[in-house]
Amino acid sequence: MIDPQLLRTDIQTVAEALKLKGHSLDVDAYQVLESKRKSLQVEAESLQAQRNAKSKEIGKVKAQGGDASGIMAEVNGFAERMKTAQTELEAVKEQLFAMTDVMPNMPHTSVPKGNSEDDNVEVAKWGTPPNFDFDVRDHVDLGEAKSALDFEMATKIAGPRFVVMRGQLAKLNRALIQYMLDMHTQNHGYEEVYVPYLVTQESLIGTGQFSKFGDHDLFATQAEDGYYLIPTAEVPVTNIVRDEILAADQLPMKLVAHTPCFRREAGSYGRDTRGMIRQHQFEKVELVQIVKPEDSYDALEELTGHAEAVLQGLELPYRKVVLCGGDLGFSAAKTYDLEVWLPGQDAYREISSCSNFESFQARRLGARYRVEQKKTELVHTLNGSGLAVGRTLLAILENYQQADGSVVVPEALRSYMGGVELILN
RNA sequence: GGAGAGGUGGCAGAGCGGCUGAAUGCACCGGUCUUGAAAACCGGCAAGGGUUAAUAGCCCUUCGUGGGUUCAAAUCCCACCCUCUCCGCCA
């Protein structure tokens, strides 16, 4: 949610910033509504103030045993007028909300211009893609050869975009989760949290995944329950601070959670249909930080570094890009994507997305902290994948593959794999 | 699932339909005292919103949520949600 105060005082700046995200803001329409809101609200509130004053008078007169019928007659007509003013005000507010609710967050000034992912800017590259002196296989061929990945079976059970992992790969999956959680809790200062995988609509609205108007990428339970499966741990974890006023010394709050994530992928028919790149259900270790506003950009660099540390620990080549305005998500002010090298695709593919939302989520969430005795201020929220586990697993298969189709276990994972150095052999 | 109790400020806990945005205690902040601290004493201390140059005033809203009764609701009525206790069931 964009600061309504800013929309009143400097809507041009907002309109300019939103243009970078491809959102055109109807400034005139907004200002017309806003001035209506102002006069209606002033009117409605002054009617209420008058009524309150009169009612108090009645109370006083009656307490003294006097006759209050005169004042009561005077106040009688108020109810109706108040109701009309109230109704009109609500209507205008709703129209304003319809406009602000679909406004994305403003990009940070450091965000490059651009319309699509082609305009994202590479800011760093780490490691070198391996050279193979044999025909490279992708993770599907590698996994299916030993029945350690079984897409057909998953389709039988649940339909397309699911996978069954068996034996060593199921264990590798678990090893990766442990490795990531241990690294973030032991080296990076995060507190591990376990959270619900089903959440309410309210929680989704808080983090911006659910808009009344936009479509969403969510699985839902039957209407009577009203639950949604989480598309990312960002939702339950960030909602920890919803409607809270935190003490300054609670910040920064650094949380890490491993959860499965569920997405319909409704808009991506035909895209990434092969393999584990895009699934309805996948595992992710998510980093979340709740920080003071002045610290959020340092925190973004730090948090991105924490995700990079996992890739470096696993010795997977990757590059870091900063998303251009047009490719930025709805709620984000700035995002770094980490893209891991996938020999099977001969390309870098996203494996982590680290974003600063500034106060955009916090405003919806009502997440504040106490600056001084009497003052509260919205916090800034950030999150990033550290990392997407399924994609990490397939990156390992493809980068560590051998001529015979076996796969070397990265050193960092061996203690989590019971000392095994080679799998799919 | 059945029976009962309850949801009030950071916490605990009062609150006859008007003088209660809310007693009191704790916590917290400021001060006096003290070499310093503690104790004691004095003062302050909810959030959101509007108006405004203003973090000054003034005003509105909020006592689980939503509706209703009334000139007036934390207080009365209805529905829902949640919590706790007991019983049943269950990993």
Side-chain angles (χ1 to χ4, degrees), chain A residues 1-11 30-31 33-97 100-101 194 196-206 221-228 236 239-251 253 290 292-294 359-379:
Chain A
M1 188 77 83
I2 301 257
D3 183 1
Q5 218 54 259
L6 187 62
L7 283 167
R8 277 171 217 160
T9 53
D10 195 5
I11 194 167
Y30 188 88
Q31 287 181 323
L33 280 172
E34 170 54 25
S35 74
K36 263 194 207 165
R37 189 231 97 222
K38 188 164 164 175
S39 58
L40 283 171
Q41 182 157 347
V42 169
E43 187 194 337
E45 285 187 0
S46 95
L47 280 170
Q48 287 178 52
Q50 289 174 59
R51 198 246 1 231
N52 289 347
K54 296 279 181 202
S55 290
K56 266 191 186 159
E57 251 180 79
I58 293 171
K60 269 184 197 150
V61 172
K62 283 202 165 175
Q64 291 164 5
D67 174 22
S69 57
I71 319 173
M72 283 173 71
E74 205 181 326
V75 170
N76 251 325
F78 266 69
E80 194 126 334
R81 287 168 63 195
M82 281 171 56
K83 208 170 183 180
T84 339
Q86 204 62 251
T87 314
E88 283 176 48
L89 177 62
E90 284 310 313
V92 171
K93 277 189 162 176
E94 209 154 295
Q95 289 178 65
L96 277 171
F97 179 76
T100 49
D101 190 46
Y194 172 86
Y197 302 159
L198 293 172
V199 296
T200 58
Q201 192 171 307
E202 210 180 349
S203 290
L204 290 158
I205 289 170
T221 60
Q222 290 299 314
E224 46 184 328
D225 311 316
Y227 288 125
Y228 293 84
N239 270 278
I240 286 174
V241 297
R242 169 151 53 96
D243 293 325
E244 297 285 336
I245 299 175
L246 305 163
D249 63 14
Q250 287 179 274
L251 304 177
M253 193 180 273
I290 313 296
K292 295 180 186 173
E294 61 268 30
S359 60
F360 192 82
Q361 285 184 331
R363 184 165 291 107
R364 287 179 186 242
L365 289 162
R368 295 146 292 164
Y369 79 105
R370 198 166 291 286
V371 188
E372 294 160 26
Q373 230 353 55
K374 285 220 65 169
K375 236 170 74 187
T376 65
E377 197 172 314
L378 294 168
V379 296

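The analysis underlying the following values was restricted to heavy atoms, covering all of them including side chains, and did not include hydrogens, waters or symmetry mates. What you are looking at is a predicted structure, and each value in this text was computed from that prediction instead of being measured. A note on names: the letters A, B, ... follow the listed sequences, proteins ahead of strands, and every chain is numbered from 1.
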For A:Leu6, check side-chain contact (heavy atoms from CB on, under 4.5 Å) against everything at least two apart and list the hits.
-> A:Asp3, A:Thr9, A:Asp10, A:Val14, A:Met106
Could you list the residues that satisfy side-chain contact (heavy atoms from CB on, under 4.5 Å) with A:Lys292, not counting sequence neighbours?
-> A:Ala248, A:Leu251, A:Glu294, A:Asp295, A:Tyr369
Is A:Glu377 touching bases, backbone alone, or none of the nucleic acid, heavy atoms closer than 4.0 Å?
-> nothing
With heavy atoms under 4.0 Å as the rule, sort A:Arg363 into base, sugar-phosphate or nothing.
-> nothing
N or O in side chain of A:Ser39 less than 4.0 angstrom from B:U51 OP1/OP2 | no
Select one nucleotide: of B:A47, B:G50, B:C59, the one nearest the side-chain heavy atoms of A:Arg370.
-> B:A47
Checking B:U52, B:C60, B:A47 against the side chain of A:Lys38 (C-beta onward), the nearest is B:U52
Would you sort out whether A:Leu204 and A:Val199 count as a side-chain contact (heavy atoms from CB on, under 4.5 Å), showing the intermediate values?
-> CA-CA 7 Å; A:Leu204 290 158; A:Val199 296; 4.0 Å; yes
What residues form a side-chain contact (heavy atoms from CB on, under 4.5 Å) with A:Arg368, not counting sequence neighbours?
-> A:Ile245, A:Thr376, A:Leu378
If only side-chain N and O atoms of A:Gln5 are considered, is one of them under 4.0 Å from the OP1 or OP2 phosphate oxygen of B:G50?
-> yes
A:Gln48 side-chain N/O to B:C59 phosphate OP1/OP2 under 4.0 Å = no
Please tabulate, for the side chains in residues 37-49 of chain A, all donor-acceptor contacts under 3.5 angstrom to protein atoms that are two or more places apart in sequence or on a different chain.
residue: A:Arg37; atom: NE; partner: A:Gln41; partner atom: OE1; Å: 3.2
residue: A:Arg37; atom: NH1; partner: A:Glu34; partner atom: OE1; Å: 3.2
residue: A:Arg37; atom: NH1; partner: A:Glu34; partner atom: OE2; Å: 2.4
residue: A:Ser39; atom: OG; partner: A:Ser35; partner atom: O; Å: 3.4
residue: A:Ser39; atom: OG; partner: A:Lys36; partner atom: O; Å: 3.2
residue: A:Gln41; atom: NE2; partner: A:Glu45; partner atom: OE2; Å: 3.3
residue: A:Ser46; atom: OG; partner: A:Glu43; partner atom: O; Å: 3.4

Among the candidates B:A46, B:C60, B:U51, find the nucleotide nearest to the side-chain atoms of A:Arg8.
-> B:U51
For A:Tyr30, all residues meeting ring-ring contact (aromatic ring centres under 6.0 Å, His included), sequence neighbours excluded = none
Pairwise C1' distance for B:U8 and B:A74, with rounding to whole Å = 7 Å
What does nucleotides 64-81 of chain B look like as a protein-contact string, B for base, S for sugar-phosphate only, - for none, at under 4.0 angstrom between heavy atoms?
-> -------BS---------
